[in-house]
> 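Provided herewith is a single structure, encoded as structure tokens, for subsequent inquiry.
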Amino acid sequence: MLRTVARSTQLHPDQARHIGARLTAAWPGHAWEGVRFTTSWQSHTPLDVTLVEPDLVAEIVVDTAQSGGVWRHAVRFARLREDMTPADVLAFGEGAGAGGL
């Protein structure tokens, strides 16, 4: 099941190119088809999005503060974990440490 647990800071252009080259467009019936995304948790400004298949794993840097099952502060992208698949990742809140880290 896909669910939003964080928002990220803006990617550096080099990071965006690196990740973008590895993304696969979503197939019809994606879990977030029709979902509206905004610029921040409290914003009403919609974003134009292109849905992709959830087949990459990213390592992120977080402030440990959580609220209602989500990270309270924006997370920072560290790197793609090309040695992992989504099946290797524990669900948010599972495992040792805050948020399953």
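The basis for the numbers below is simple: all heavy atoms, side chains too, and nothing from hydrogens, waters or symmetry mates. It should be emphasised that the depicted structure is a prediction, and the values quoted were computed from it without experimental measurement.
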> Would you check if the side chain of Glu53 reaches a backbone N or O of Trp27 as a donor-acceptor pair within less than 3.5 Å?
yes
> Check whether more than 12 heavy atoms from other residues, nucleotides or ligands sit under 6.0 Å from atom CD of Gln10, and answer yes or no.
no
> How close do Ser8 and Ala74 get, heavy atom to heavy atom, and via which atoms?
C-CB, 4.2 Å
> Quick check for you: to the nearest 0.5 Å, what is the distance between Arg76 atom CZ and Glu59 atom CD?
11.5 Å
> Are any non-hydrogen side-chain atoms of Thr45 and Thr38 less than 4.5 angstrom apart?
no
> Between Thr24 and Asp55, is any pair of side-chain heavy atoms under 4.5 Å apart?
yes
> So, taking the atom named CZ in Arg81 and the one named OG1 in Thr85, what distance separates them when rounded to the nearest 0.5 Å?
11.5 Å
> Which Ile, Leu, Val, Met, Phe, Trp or Tyr residues join Ile19 in one cluster when any pair of side-chain heavy atoms under 4.5 Å counts as a link?
Leu11, Leu23, Val52, Leu56, Phe77, Leu80
> Taking C-beta and beyond as the side chain, do Arg36 and His44 meet within less than 4.5 Å on heavy atoms?
yes
> How long is the gap from CZ on Arg22 to CZ on Arg17, to the nearest 0.5 Å?
12.5 Å
> Identify the heavy atoms of Pro54 and Pro86 that sit nearest to each other, and give their distance.
O-CG, 3.3 Å
> Do Arg72 and Thr64 have a side chain donor and acceptor closer than 3.5 Å?
no
> Transitively linked via ILVMFWY side-chain contacts under 4.5 Å: Val35 with Val49?
yes
> Of all heavy-atom pairs between His73 and Ala65, which one has the smallest distance, and what is that distance?
CD2-CB, 4.0 Å
